[in-house]
Amino acid sequence: MLLDFTSLAGPAPSGAAGHDLPSCLRVEARLSLAVGLEAGRLRVTDRREAGAFRFRMPRRTPDAIEALMVNVAGGLAGGDRLSLMARAGEGASLVIGSAAAERIYRSGGDTTRISIALAVEPSARLVWVPAETVIHRGARLTREFSLSVAPDARLLAGEMVQLGRVASGERFTAGTWRDLWRVRIGERLVLAEAFHLEGEQAQAVGNPGGLAGHAFLGTLLLAMPGAGERLPALRAALMGEPGVHAGATSHSGLVLARFLSSDDVALRRAFLAALRVSAGTDLPLSRLLLLQETSNRGLS
C-alpha cells in the first residue's frame, strides 16, 4: 500500500536560502537500545548513546524494561540529526517514550533529520510512544521510520504532532515537513507511506482536502497476530471523543489509526483512549502516559 500526499505551494520560507550554524556545532545524536532474555531474565543487552540524547530507565520489571529519551540540548534545529535504533529480542518486552515534547525550531535553510528504526523479534513486545513533536513555523524536518516485526511479535507505535506554537498564536504556514514510513511484518512490506508539506502552507493546511486547518495530528500503529480483531473496539473508542476527526483501518495484520483536531487536549484524550484499547492486556504502557491519561480525565 503506497500513499503519497504531496503539496508544493509557493516559495520556501523567508531565510531558507541561508544556513544554520556550522555542521561542527550541530547536534549529531545516535541512540541504540536492545533488550533480551538471558538465563530467563530480562536484561539490557546493548545500550549506546552519542550526542545530546540519553536514555533514562525509570522502571525495570520482570515483564518489561521502560526507557525514556531525554534531549539535553533542549530541542532540534536546522542541520541537527537524530538516529534511534531499538530492538526487542526474542521473548523480550521494551517500552520507549520520551520525557518531554520534542521541538523542531525554525531553520535558516538546513534540514533537521530524524531516523527511527524499530525491530521486534519473535514472541517479543515493543511499545514506542514518545511525547508530541512541535514543529515551529519555518522548520525544515525530514523523518524516516522503519519498523520490522516478526509475524508472532507485538508492536504498538504512536506519535502526536503539533504544527506551530498554537498557544502563542503561531501556525505552521511556512516550512518543510517530510515523513516516510515503512512497516514490515516478517519479510512482507505492509505499509509504505510518504507525507510531504513544503513552502507556504497557509492554503494547503487550511484546505478541506488537506488538514482542514487542524494543527494537532496523531498516528497509531498496531501490529500483532489478530490485530484486526481490535478494530471495532478501537473505532467505538474514537466515536466517543468530541472535537476529534479520527479513523482506523486494518490491513495485512496491521491496524492504522489517524487523528486530527484543533484542540490539543481533545486530541491527547482520543489518542490515549485509542492507545489503551490497542494495548489491551497484551502490551505494557509507559507510566508517564498513564499519568497523562489521569490528568486528561480531570479536564473532562
Side-chain angles (χ1 to χ4, degrees), residues 3 5 95-103 126-135 143 145 147 154-167 171-172 177 179 181 183 191 193 195 197 205-224 227-251 254-300:
L3 307 176
F5 304 98
V95 179
I96 299 179
S98 59
E102 189 62 71
R103 292 183 176 273
L126 195 154
V127 177
W128 181 81
V129 187
E132 62 267 29
T133 299
V134 182
I135 307 177
R143 305 188 302 176
F145 299 86
L147 315 181
R154 290 168 168 79
L155 169 71
L156 180 58
E159 64 143 13
M160 293 175 286
V161 173
Q162 176 180 323
L163 295 176
R165 295 172 295 176
V166 178
R171 296 284 179 163
F172 186 72
W177 174 24
D179 267 8
W181 289 79
V183 182
L191 177 68
E193 178 180 276
F195 179 88
L197 289 173
V205 173
N207 193 293
L211 301 181
H214 298 299
F216 303 95
L217 301 82
T219 297
L220 193 62
L221 287 166
L222 175 66
M224 60 177 284
E229 298 173 4
R230 302 200 177 176
L231 190 59
L234 178 58
R235 286 174 171 168
L238 296 178
M239 289 291 290
E241 298 296 335
V244 178
H245 299 277
T249 189
S250 177
H251 172 70
L254 179 73
V255 169
L256 171 64
R258 282 275 164 69
F259 309 78
L260 284 174
S261 182
S262 297
D263 184 289
D264 60 331
V265 174
L267 179 83
R268 189 173 290 108
R269 184 184 294 120
F271 183 84
L272 293 175
L275 194 65
R276 174 75 79 173
V277 170
S278 300
T281 59
D282 301 289
L283 290 157
L285 294 177
S286 164
R287 286 186 299 174
L288 187 59
L289 282 172
L290 297 179
L291 287 173
Q292 290 179 356
E293 185 182 41
T294 301
S295 175
N296 280 342
R297 285 173 181 168
L299 293 172
S300 60

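What's counted below: heavy atoms across the whole structure, side chains too, no hydrogens, waters or symmetry copies.
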Subject >> CE on M160 to OG1 on T219, rounded to 0.5 Å >> reply: 11.0 Å

**OP:** Grab the two heavy atoms, one from A101 and one from V134, that are nearest each other, plus how far apart they are.
**Re:** CB-CG2, 4.4 Å

**OP:** Please identify each residue that fulfils salt bridge (Lys or Arg N to Asp or Glu O under 4.0 Å) with R235, with sequence neighbours left out.
**Re:** none

**OP:** Write down the atom of S278, the atom of L220, and the distance for their closest heavy-atom approach.
**Re:** OG-CD2, 3.6 Å

Subject >> Least distance between heavy atoms, E241 atom then A273 atom >> reply: OE2-CB, 3.9 Å

Subject >> From CZ (F145) to CG (L191), nearest 0.5 Å >> reply: 12.0 Å

**OP:** State, with a plain yes or no, whether a side-chain heavy atom of L260 is found less than 4.5 Å away from one of L211.
**Re:** yes

Subject >> Sidechain-backbone polar pair: Q162 side chain, G164 backbone, donor-acceptor under 3.5 Å >> reply: yes

Subject >> For V255, the option from L221, T249, L222 that meets side-chain contact (heavy atoms from CB on, under 4.5 Å) >> reply: L222

**OP:** Please tell me if the side chains of V166 and R171 come closer than 4.5 Å, counting only heavy atoms from C-beta onward.
**Re:** yes

Original post:
Among all residues two or more places apart in sequence or in another chain, which pass the salt bridge (Lys or Arg N to Asp or Glu O under 4.0 Å) test with E159?
Top reply: R143

**OP:** Search all heavy atoms of A270 against all heavy atoms of F259 and return the closest pair with its distance.
**Re:** O-CE2, 3.9 Å

Original post:
Roughly how far, to the nearest 0.5 Å, is CZ of R276 from CG of L285?
Top reply: 6.0 Å

Original post:
How close do V244 and A266 get, heavy atom to heavy atom, and via which atoms?
Top reply: CG2-O, 3.4 Å

**OP:** Please list, chain by chain and in numerical order, all residues satisfying ring pair (Phe, Tyr, Trp, His ring centres under 6.0 Å) with F216, sequence neighbours excluded.
**Re:** none

**OP:** To the nearest 0.5 angstrom, please state how far the CH2 atom of W177 sits from the CD1 atom of I135.
**Re:** 5.0 Å

